[in-house]
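Here's the structure, in C-alpha cells; my notes come after.
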Protein chains: 2
Amino acid sequence: MTETATHEKPRIRDAEATQRRILAAARKEFAKSGLGGARVDTIARRAKANKRMIYHYFKSKEQLFTRVLEDAYADIRTAEQKLHLDELDPETAITTLVRFTWRYYLANPEFLTLVNSENLHRARHLKGSARMHELSRPFLGMVEGILARGVAAGVFRPGIDPVQLNITIAAIGYYYLTNRFTGAIVYERDLMTKEALDTRLAFNIETILRLLRA
Amino acid sequence: MTETATHEKPRIRDAEATQRRILAAARKEFAKSGLGGARVDTIARRAKANKRMIYHYFKSKEQLFTRVLEDAYADIRTAEQKLHLDELDPETAITTLVRFTWRYYLANPEFLTLVNSENLHRARHLKGSARMHELSRPFLGMVEGILARGVAAGVFRPGIDPVQLNITIAAIGYYYLTNRFTGAIVYERDLMTKEALDTRLAFNIETILRLLRA
DNA sequence: CCGACTTAACTAACCGGTACGTGCATTGGC
DNA sequence: GCCAATGCACGTACCGGTTAGTTAAGTCGG
C-alpha cells in the first residue's frame, strides 16, 4: 500500500531526502568556506535539517566532507563518460574533452574549490577511497585510447604521456578559473566576461592541439 | 630568503625582528591551514612572540593575512626581476621563465596555498592594494617585450596575448603542484619523485614552446 | 479495520573546549 | 623619565559534538 501512489504526498519524515538536502547544503558550504571555515550549524540550517541529523547520517564533519568530495568526483566522471569520446575521431575527441572540461568547471565552480580544499589537507579524506580508483581508471584509459588512435592515424605525435596530457588539459582551465580573483588584480582585467571566457577556451584548445600535433 | 643573517647583538626588544618572526610564522600557518583554519595562538607561539604583539603590529588576523600575501607576491616578483629576461634571446627568455616559475613554486609551496586561500575569499584582502599593481605591471611589460622581440625575430607567431601566455605558464606548473595530492590518487602515481618532477618540467617547456613557435 | 507497540526520523537545549581579541601591568632602551 | 615593546590573564562568542526527549511512520495481534 505504501508505494502505490505515483506522486506520494510529501512525507514529513524522509531519510533519503534529508540526506540529499544535507549533502547539497554541505557541498555549497564547504565550497564557499573550505573545510576549516565551514560551519556545521550553517549546513544544518541551509539543509532545513537539525544538526543532530548530520551527525546521525555522516558521523562527523570530516566524514561529511569526504562524502561530498567523492560525490563531486563521481559527478564529473559520470558526465565525462557520457561524451563517448571513443566514438569520435582523435582530434575531435580531444577538442571535445578540452571544451567539456572548461564548461564543467565553469558550470560547477564548487568542484574547483572543493578539490583545492582537499589538497590543502593533503588529500587525507580521499586517501584510500576505493571509489576514487573505480572512477579514475576508466577515464584515464579513455584518454590513453584517444592518444593511441591519434598516433596510429598519424595526426598526433608519439610518446605523449596521457597523464601529463590530462593534467595539462585540467590545469589550463582550472587555474584560470580558481585564480580569477587574484588574476583580475594581477592582470588588471576582468577575466569573467563572456568574451574573456570564449577567448580563453579558444586559446586552451589551440594550446592542446599544438602540443599533440605531429 | 628573508632571514636577517646579520650579527648584531641580540636585542631583547626589537620591534622589527619581532614583526619579521611574526610574518614568517604567519606565512607558514596560513599556508598550512588557510585563513579560516589558521590559529593566531599558533602563530604567536611559533614566532616566539606574544599574541598581543600580533594585534599590536597588525591589528587583526585578516590584516596580518593581507600583509603576508603582499609580501609573498613581492618575493616572487623580485626574484623574477633578477632573471633579466630582457637581456636574453626570446626563446631562451621564455624557457628560463617557465623553468624559473616551476622551480620557484617547488621551492616556495607556501606561495601556492596562500594564493589559493586568497582566491577562496575572492581576493578581498588584495583588492585595492596599490602595492600589487606596482608589482604586476613591470612583470607583464617584460613578458610582452619578450613576445614582441620573438615575433620581430620570426621565431614566435604573432597575435599571442601576453596575459593568456602568462596564465598558461603559471597554470601548467601551479596546478600540477597544488593538486599533487588528489593527483596522486587519480593518476595512481607519485608525482613528486625527482624523475616525475623533471619530466613535468620538460613537458611544460615543450608545451609553451609549441604554443609560441611560428 | 483499529489501536497498541516498535522503530526510526527528528528537535531543543546544552557542554566543554577553543578562538579571536583586549585591558592592564611591566620592563627594556634611548 | 618616557614611551615603545612585551607579557599575563581574561572576556565573550562560537563551534563541533552530545544528551535526552518527542513525534511520525510502519507493524502486528485481534
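Chain letters run A, B, ... following the sequence lines, proteins first and then strands; every chain starts at 1.
D/dT6 atom C1' lies 11 Å from atom CD1 of B/Ile22, rounded to whole Å. A straight line from CD1 of B/Ile54 to P of D/dG7 spans 12 Å, rounded to a whole angstrom. Residue B/Arg21 contributes atom CZ, which lies 11 Å from atom C1' of D/dA5 at whole-angstrom precision. Computed from coordinates, the B/Arg45 CZ to C/dC20 P distance equals 12 Å when rounded to whole Å.
A sub-4.0 Å separation between OP1 or OP2 of C/dC10 and a side-chain N or O of A/His56 is absent.
Between A/Phe30 atom CZ and A/Leu64 atom CG the span is 4.5 Å, to the nearest 0.5 Å. Atom CG of residue B/Asp86 and atom CD1 of residue B/Ile146 lie 7.5 Å apart, to the nearest 0.5 angstrom. Summarising the geometry, atom NE2 belonging to B/His125 is positioned 3.5 Å from atom CD belonging to B/Glu62; distances are rounded to the nearest 0.5 Å.
The ring pair (Phe, Tyr, Trp, His ring centres under 6.0 Å) test with A/Tyr175 is passed by exactly one of B/Tyr105, B/Tyr174, B/Tyr175: B/Tyr174.
Checked against side-chain hydrogen bond (donor to acceptor under 3.5 Å, both in side chains), B/Thr207 has no partners two or more places apart in sequence or in another chain.
Residue A/Tyr57 is in sugar-phosphate contact alone, with no base atom involved, counting any heavy-atom pair closer than 4.0 Å across all strands shown.
Under the 30°/60° scheme for interplanar angles, the aromatic rings of A/Phe111 and A/Tyr73 are found to stand perpendicular.
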Encode nucleotides 8-18 of chain D as B, S and - characters from 5' to 3', where the letter depends on protein heavy atoms closer than 4.0 Å: B to the base, S only to sugar-phosphate, - to neither.
B------SBBB

